[in-house]
Amino acid sequence: MPTVFAYAETRGGELRRVALEAVTAARTLADALGGDVEAMLVGAPGIAQYAEQLGAYGADVVVTVEDVAFARYNPEATAAVAAERIGSKGDRAAIFSASAQGRDLAPRVAAKLRVPLAADVTAFELQGDAIIVTHPTYTGKVIATASLTANPAVLSIRPKSITPVEHARSPRVESIAPVGDPSASRVVVQEVIEGNTAALDLGEAPVIVSGGRGLKAPENFAMVEELAAAFGNAAVGATRAVTDEGWRPHTDQIGQTGRLVSPDLYVAVGISGAIQHLAGMRTSKTIVAINKDREAPIFKIADYGIVGDAFEIVPALTAAVREVRKGG
Amino acid sequence: MKIAVCIKRAPDMEQRFKIAADGASVDATGLKFDISDFDAYAVEKALKITEAQGSGEVVVLSLGPDIVQETLRKALSLGATRAVQLKTDSVPFDSFAIAEALAAALRDGGYDLILFGKIALDSSNGAVGAMTAELLGTPYVTAVSQLDIADGTATARRELEGAAEIVAFPLPAVVSIDEGPWRPRLASLKGIMGAKRKPLEVKPAELAQPRYTVQTMQLPAERTGGRIIGEGADAVPELVRLLQTEAKVL
Ligand SMILES: Cc1cc2nc3c(=O)[nH]c(=O)nc-3n(C[C@H](O)[C@H](O)[C@H](O)COP(=O)(O)OP(=O)(O)OC[C@H]3O[C@@H](n4cnc5c(N)ncnc54)[C@H](O)[C@@H]3O)c2cc1C
Ligand SMILES: Nc1ncnc2c1ncn2[C@@H]1O[C@H](COP(=O)(O)O)[C@@H](O)[C@H]1O
């Protein structure tokens with residue numbers, strides 16, 4: 001029976017939403033092939049606790065690889081154990097997320113298996129012996145469909161392009177050993193510089209409130225943070241103009257050279273809408289723009305635009321959102 | 001120190017794209033091409049390293065048809081020492097096929113450091129660097145925004161989601177370059193003149209049959225945006241109403 005592998009991404013010992021997306025994608029493909037889903041959890045001891053949850057989303061088998069050396073994402077050892085498992089089981093396909101971790105991991109695994117990667121896929125379909133994928137290219141300005149005929153077929157799925165769906169099963173859980181010594185990585189982490197870890201991750205937040213140079217000074221981001229807090233499920237992003245000034249950390253930058261995001265709602269405050277910024281957020285479901293310049297390019301792609309001074313509009317919006325959320 | 005930089009020719013992304021008559025590629029007519037963004041950052045970083053060391057060599061490689069010689073000459077005009085074209089009629093979409101061809105050309109080159117862009121802006125695969133490193137069996141670090149070399153060891157900052165890591169690794173190594181604090185320089189007239197005399201070697205690319213091929217290309221549906229609902233704080237109630245009833249996000 002053909003098996004579809006899904007890498008169930010975790011971070012800091014927590015299962016990530018993209019893991020459920022990967023398992024859901026693998027389930028869809030396995031059903032089309034008449035096969036099984038095998039999900040892999042890699043982490044510090046205790047990570048196996050998520051096996052049941054992966055079963056709820058369609059994993060028939062959950063393979064767990066537990067070692068203290070996996071407490072942080074460990075590229076070399078993770079790629080080694082994933083490729084070894086996919087290769088030795090003769091899996092038909094392997095699904096990763098195109099998250100930051102997956103963008104690092106998936107091409108390593110594909111190369112070990114000597115196959116190409118269908119990267120950053122937003123949709124896929126089985127057609128005979130090929131998998132036809134949709135892949136945004138040219139910074140999202142051109143959408144390609146491509147045919148992947150390699151075996152195994154390795155895909156990375158753009159976060160949030162698939163909605164996790166439950167397919168309850170009680171998975172068989174199998175614990176396996178790492179390949180080689182997982183602490184023997186040639187690349188040694190010397191220091192970790194945490195960004196705003198307390199906040200929701202930009203890749204996963206349903207709502208993003210982003211600020212641009214129009215906010216004029218770093219302390220004015222308090223206004224943006226208050227709006228984000230009013231939504232309750234929002235993360236704060238920024239433009240390069242802002243991260244270059246050092247008003248916000250580089251890790252908050254959205255755009256061609258920053259994070260690619262597609263939240264349900266993107267609120268752009270004091271952002272002009274440069275092409276490099278749009279490249280990172282144009283696939284958001286709903287876009288709101290607040291800008292004092294009626295001609296700002298951001299209004300061309302905004303579903304709802306308000307022309308005017310952010311210092312007047314944002315506090316009013318924050319109050320109104322609070323009111324709605326209190327009432328609901 | 002001997003540094004290789006793999007550079008791809010790509011159109012400037014600010015332009016308007018049209019789909020070619022074959023329905024599976026971008027119409028190149030009238031488009032301006034250059035070194036793909038992150039690859040230009042990689043060239044700049046390589047030049048900075050050899051300049052700081054006062055010695056060394058920066059070799060630029062590009063796989064593609066003869067037109068990529070333009071891209072290679074551009075890198076030579078910026079200061080690269082020599083160039084290699086891996087000649088093929090067209091550039092495949094298959095990241096592994098490209099990585100194999102690049103790895104074959106790099107393997108016995110004696111490079112201490114091999115730089116890639118974190119992603120090529122046209123194909124947007126973000127895969128060739130990692131794959132080449134796997135094929136060469138060297139350490140690899142993705143999306144690096146700071147890179148320092150001292151005594152055969154490299155230190156780099158790589159951006160993860162919501163955090164950054166400082167990592168150390170031995171050379172030879174492969175690194176993919178994210179945007180960093182360094183900005184690509186402009187070519188000087190002297191650089192442009194000098195580039196004409198620098199060596200540009202042409203070798204056939206050792207490309208396998210691609211197993212990942214483009215079937216169609218399309219422009220995305222235009223966002224049906226462009227709707228200004230009002231001015232100033234007075235428009236807030238209407239915005240909230242639309243977010244609740246139309247967009248259903250509140
Ligand atoms: C190679 C390259 C890569 C790049 N990558 C990125 C990237 O990844 N992400 C990114 O964001 N940028 C990127 N950029 C930079 C990009 O081109 C723009 O310079 C940047 O996005 C502009 O940021 P901004 O909108 O905050 O600032 P500005 O363009 O200066 O816009 C500020 C806006 O605020 C408005 N404003 C001012 N005051 C107020 C007020 N009181 N109320 C309301 N509105 C107000 C103004 O009307 C204006 O529209 C890149 C550039 C290059 C060349
Ligand atoms: N045809 C090519 N010639 C030279 N380098 C390339 C080529 N294609 C990709 N690369 C390198 O690989 C990186 C990643 O490309 P990609 O995986 O296609 O996004 C690019 O930024 C380049 O450094």
Side-chain angles (χ1 to χ4, degrees), chain A residues 99-100 103-104 107-108 110-112 114-120 136-139 141-150 186-197 201 203 250-251 257 264-265 275 286-288 299-308 312-313 316-317 320-321 324, chain B residues 13-14 17 26 93-97 99 121-127 130-131 134-135 139 141-142 145 159-170 178-179 211-220 223 225-233 235-237 239-240 242-244 247 249-250:
Chain A
S99 59
R103 281 169 188 270
D104 181 78
R108 293 179 192 256
K112 285 181 192 291
R114 307 192 60 81
V115 292
L117 170 68
D120 205 20
T137 56
Y138 293 80
T139 66
K141 293 175 92 179
V142 176
I143 309 299
T145 59
S147 166
L148 179 64
T149 52
R186 295 168 293 182
V187 178
V188 181
V189 178
Q190 295 192 317
E191 192 188 336
V192 179
I193 303 156
E194 296 292 353
N196 50 346
T197 41
D201 188 88
H250 188 68
T251 43
T257 44
D264 298 330
L265 174 63
I275 184 86
T286 299
I287 298 174
V288 170
F299 285 128
K300 292 212 180 66
I301 67 150
D303 299 284
Y304 310 124
I306 301 185
V307 181
E312 180 202 326
I313 297 163
L317 181 57
V321 170
V324 169
Chain B
M13 291 298 146
E14 271 82 325
F17 295 120
V26 165
F93 201 55
D94 182 318
S95 43
F96 188 70
L121 293 185
D122 53 358
S123 55
S124 304
N125 283 323
M131 288 181 163
E134 284 292 341
L135 292 169
V141 185
T142 318
S145 62
E159 306 294 335
L160 295 168
E161 283 163 10
E165 283 180 351
I166 308 291
V167 296
F169 48 98
D178 197 347
E179 192 195 336
R211 290 171 290 169
Y212 188 47
T213 48
V214 174
Q215 309 278 292
T216 66
M217 280 197 174
Q218 279 173 303
L219 300 180
R223 277 197 80 93
R227 181 161 154 211
I228 290 180
I229 60 163
E231 286 184 21
V236 165
L239 174 61
V240 169
L242 288 167
L243 291 179
Q244 285 185 288
V249 288
L250 192 64

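Quick note: numbers below take in every heavy atom, side chains included, and nothing from hydrogens, waters or symmetry partners. Proteins come first, then strands; the chains are lettered A, B, ... in the order of their sequence lines, and each starts at number 1.
Between chain A and the options B/Val141, B/Leu135, B/Val167, B/Val214, heavy-atom pairs under 4.5 Å are most frequent for B/Val167. Interface summary for chain B: among A/Pro136, A/Gly308, A/Pro107, the most heavy-atom pairs under 4.5 angstrom belong to A/Pro107. With chain B as partner, the option from A/His250, A/Glu191, A/Glu312 having the largest number of non-hydrogen pairs under 4.5 angstrom is A/Glu191. Contact count versus chain A (heavy atoms, under 4.5 Å) is highest, among B/Pro139, B/Pro170, B/Ala97, for B/Pro139. Note: B/Gly230 leads B/Pro237, B/Ala127, B/Gly230 in heavy-atom pairs under 4.5 Å with chain A. Ranked by heavy-atom pairs under 4.5 Å with chain A, the first of B/Val26, B/Thr213, B/Asn125, B/Asp94 is B/Thr213. Heavy-atom pairs under 4.5 Å with chain B were tallied for A/Val321, A/Asp104, A/Val288; the largest tally goes to A/Asp104. Of all the listed residues (A/Ala119, A/Ala144, A/Ala146), the one sharing the greatest number of non-hydrogen pairs under 4.5 Å with chain B is A/Ala146. Counting heavy-atom pairs closer than 4.5 Å to chain A, the top residue among B/Ala130, B/Ala168, B/Ser145 is B/Ala168. The candidate with the highest count of non-hydrogen atom pairs below 4.5 Å against chain B, out of A/Gly305, A/Ala118, A/Ala316, A/Ala320, is A/Gly305.
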**OP:** Output, in order, the C-alpha distance, side-chain angles, deciding distance and verdict of side chain to side chain contact (heavy atoms under 4.5 Å, CB included) for B/Thr142 and A/Arg103.
**Re:** CA-CA 9 Å; B/Thr142 318; A/Arg103 281 169 188 270; 5.9 Å; no
Original post:
side chain to side chain contact (heavy atoms under 4.5 Å, CB included) between B/Arg211 and A/Val115: does it pass, once the steps are laid out?
Top reply: CA-CA 8 Å; B/Arg211 290 171 290 169; A/Val115 292; 3.7 Å; yes
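Interface residue B/Ile229: backbone and side-chain heavy atoms are both found under 4.5 Å from chain A. Only the backbone of A/Ala302 comes within contact range of chain B, with heavy atoms under 4.5 Å apart. Interface remark: B/Leu239 contributes side-chain atoms only to the contact with chain A (heavy atom separation under 4.5 Å). Heavy-atom distances place both the backbone and the side chain of A/Ile287 under 4.5 Å from chain B. In this structure, chain A has no heavy atom under 4.5 Å from any part of B/Ala99. Interface remark: A/Lys300 contributes backbone atoms only to the contact with chain B (heavy atom separation under 4.5 Å). For a residue to count as touching a neighbouring chain, one of its non-hydrogen atoms must lie under 4.5 Å from one of that chain's; by this rule B/Asp178 touches chain A with the side chain only. Of the two parts of B/Val249, only the side chain, counted from C-beta on, holds a non-hydrogen atom closer than 4.5 Å to a non-hydrogen atom of chain A.
Note that CZ of A/Arg108 is 12.0 Å distant from CE of B/Met131, once rounded to the nearest 0.5 Å. In this structure, NZ on A/Lys112 lies 3.5 Å from CD on B/Glu134, to the nearest 0.5 angstrom. Here the CG-CG distance, from A/Asp264 to B/Leu243, works out to 11.5 Å after rounding to the nearest 0.5 Å. Note that the CG atom of B/Leu121 and the OG1 atom of A/Thr257 stand 9.5 Å from one another [nearest 0.5 Å]. Separation of atoms CG (B/Leu250) and OG1 (A/Thr286) is listed at 11.0 Å; rounding is to 0.5 Å.
Listed for the A/Thr137 side chain is no donor-acceptor partner under 3.5 Å among the backbone atoms of B/Ser123. Judged purely by atom type and a 3.5 angstrom limit, A/Thr145 has no side-chain atom pairing as donor or acceptor with the backbone of B/Gln215. Formation of a donor-acceptor pair under 3.5 Å by the B/Glu165 side chain with backbone atoms of A/Val189 is not found in this model.
The local environment of CD in B/Glu14 is crowded, with over 12 non-hydrogen atoms from other residues, nucleotides or ligands closer than 6.0 Å.
In plain terms, the two heavy atoms of A/Leu117 and B/Tyr212 that are nearest each other are O-CE2, 3.7 Å. Closest non-hydrogen pair, A/Ile306 versus B/Gly232, comes out as CG2-O, 3.5 Å. Here the closest heavy-atom approach between residue A/Tyr138 and residue B/Met217 is recorded as CE1-CE, 4.2 Å.
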